[in-house]
Amino acid sequence: MRLDGVLFFPVTPFGPDGTVAGEVLAEHVARGVAAGAGGVFTACGTGEFNALDLDDYTEAVTASVAATAGRVPVFAGAGGTLPAARAVARAAAANGADGLLLMPPYLVTAPAGGLVRYVLEVSEAGGLPVIIYQRGTARFSPAAVAELAQAPNVIGFKDGLGDFDLLQRIILTVRQATDRPFTFFNGLPTAELTVPAYRGLGVRLYSSAAFAFAPEVALAFHRAVTGGDEELTRRLLTGFFMPLVELRDLVPGYAVSLVKAGVRLRGLEVGGVRPPLLDPSPEHVARLEKIITAGLEIAVS
């Protein structure tokens, strides 16, 4: 169940009646796997985990597992209240997911010991390998991550804070505490912009929201950064990822709704986002289309 390459976070399509469009999601996932995704992370942040009920979630996991057909691992999102997180963990396991991406607990800011209990209880409920997501209300101490790294089902740590001092201390503490395999991920929104910095800490894997709508650009960037092509890396960062981040930052929630708009622009009708998110304005969709065009031109040049 090795994760490698570009990690794909599909959107969750909704049909005209507002329900999850499982066949469209299967097509979305199948296209991403065929394009070269190294792993599928379904019903996570980009997949609007926060807006899915248990039936929606089960449909998303089932469709994603079927579409990958065992070619790459499928991780499903979990998080929120402890009872809800345990319920989706069990649903993910029952419907064929290979692991969980465990997002923050609902609302509360918890001490490190409480976060450890939360991770362990969700892990035990599903019995699946778990990647911890440090973001928002889930801020872990180095000692807490080192403790969790020794739990049989906890296999990785995804950082969405960008606190490099803290992350370096976490990495060093974990490596000192255990020699079992444990993987670190860059989980910042539009992670490509910070990939060079994370690689300086030895963190190679990263989430690629852009892969969902511009896999050609995401793969070109991955080849450039791993192959040491600094010129192409810089051109893609300057001509595609930086303008995308600038557009993303104009409206809260655009880290998700712009991705969904991008998928629609590339020809797959995945519907809009659910509240509390909003779809991008026509003006911003037009800007996004220009950014995609520019990125594709750089990627194939």
Side-chain angles (χ1 to χ4, degrees), residues 1-9 32-33 36-46 64 68 70-79 89 92-93 97-104 115-116 118-120 122-124 126-135 138-189 191-192 194-209 211 218-219 221-222 225-226:
M1 198 184 60
R2 183 170 179 238
L3 289 165
D4 198 7
V6 179
L7 305 182
F8 172 30
F9 287 68
V33 174
V40 173
F41 285 70
T42 195
C44 294
T46 304
S64 299
T68 61
R71 289 172 289 173
V72 297
V74 176
F75 277 70
D98 297 297
L100 298 173
L101 176 63
L102 184 53
M103 293 176 284
L115 291 172
V116 168
Y118 179 79
V119 173
L120 293 176
V122 178
S123 169
E124 290 166 3
L128 292 173
V130 170
I131 297 169
I132 308 160
Y133 196 177
Q134 171 167 261
R135 187 171 177 177
R139 186 183 181 97
F140 291 80
S141 68
V145 182
E147 179 181 348
L148 288 167
Q150 298 176 71
N153 283 347
V154 181
I155 65 167
F157 183 85
K158 181 180 177 182
D159 178 60
L161 290 183
D163 183 334
F164 288 99
D165 177 86
L166 174 61
L167 181 59
Q168 179 69 92
R169 288 185 285 117
I170 288 172
I171 293 170
L172 293 173
T173 304
V174 168
R175 298 304 186 211
Q176 188 176 41
T178 180
D179 58 2
R180 66 183 291 260
F182 192 82
T183 305
F184 290 92
F185 302 73
N186 170 2
L188 285 180
E192 282 89 349
T194 55
V195 160
Y198 274 88
R199 287 176 67 86
L201 296 181
V203 178
R204 301 288 190 260
L205 283 173
Y206 59 91
S207 309
S208 180
F211 184 89
L219 290 167
F221 177 83
H222 185 264
V225 78
T226 57

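Numbering of residues begins at 1 and proceeds along the displayed sequence. In this text, all values refer to a predicted model and were calculated from it rather than measured experimentally.
No donor-acceptor pair under 3.5 Å is formed between the side chain of Arg139 and the backbone N or O of Gln134. Judged purely by atom type and a 3.5 angstrom limit, Arg135 has no side-chain atom pairing as donor or acceptor with the backbone of Pro104. Under a 3.5 Å cut-off, the side chain of Tyr133 and the backbone N or O of Gly79 do not form any donor-acceptor pair. Side-chain atoms of Ser123 never come within 3.5 Å of backbone atoms of Val119 as a donor-acceptor pair (strictly under, hydrogens ignored). Remark: the backbone N or O of Leu172 is not paired with any side-chain donor or acceptor of Arg175 at under 3.5 angstrom. Of the possible polar contacts, one joining the Arg180 side chain to the Pro152 backbone as a donor-acceptor pair under 3.5 Å is found. Checking side-chain atoms of Asp159 against main-chain N and O of Gly162 turns up a donor-acceptor pair under 3.5 Å. Remark: side-chain polar atoms of Thr194 are not paired, donor with acceptor, to backbone N or O of Ala197 under 3.5 angstrom.
Of all non-hydrogen atoms in Leu205 and Leu3, the two that sit nearest each other are CD1-O, 3.8 Å. Nearest heavy-atom pair across Ala144 and Val116 is CB-CG2, 3.7 Å. What you find for Thr173 and Ala146 is that their closest heavy atoms are CG2-CB, 3.8 Å. Across all non-hydrogen atoms, the minimal contact from Leu100 to Val122 is CD1-CG1, 4.3 Å. Minimum interatomic distance between Ser208 and Glu192 (heavy atoms only, all atoms of both residues): OG-OE2, 2.6 Å. Minimum heavy-atom separation, Ala151 to Leu120: CB-CD2, 3.8 Å.
Side chains of Ile131 and Ile155 form a contact here, defined as non-hydrogen atoms less than 4.5 Å apart. The side-chain heavy atoms of Val40 and Val33, taken from C-beta on, include a pair separated by under 4.5 Å.
A distance of 10.5 Å separates CG in Leu7 from SG in Cys44, rounded to the nearest 0.5 Å. Interatomic distance, Ile170 CD1 to Gln168 CD, rounded to the nearest 0.5 Å: 10.5 Å. The structure places CG of Leu101 at 10.0 Å from CD1 of Ile132, a figure rounded to the nearest 0.5 Å. Rounding to the nearest 0.5 Å places CD of Glu124 at 8.5 Å from CG of Asn153. With rounding to the nearest 0.5 Å, the separation of CG in Leu102 from CG in Leu128 is 11.5 Å.
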For side-chain contact (heavy atoms from CB on, under 4.5 Å), just list the numbers for Phe140 and Leu166, CA-CA rounded to whole Å, side-chain angles, deciding distance to a tenth of an Å, and then say yes or no.
CA-CA 9 Å; Phe140 291 80; Leu166 174 61; over 6 Å; no
Run Asn186 and Val195 through side-chain contact (heavy atoms from CB on, under 4.5 Å) and show every step you take.
CA-CA 7 Å; Asn186 170 2; Val195 160; 4.1 Å; yes
side-chain contact (heavy atoms from CB on, under 4.5 Å) between Leu148 and Val130, intermediate numbers included
CA-CA 10 Å; Leu148 288 167; Val130 170; over 6 Å; no
I would like to know whether Val174 and Phe157 meet side-chain contact (heavy atoms from CB on, under 4.5 Å); could you show each step before the answer?
CA-CA 10 Å; Val174 168; Phe157 183 85; over 6 Å; no
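By the 30° and 60° cut-offs, the orientation of the rings of Phe41 relative to Phe75 is parallel.
Between Tyr198 and Phe164, the distance from one ring center to the other falls under 6.0 angstrom.
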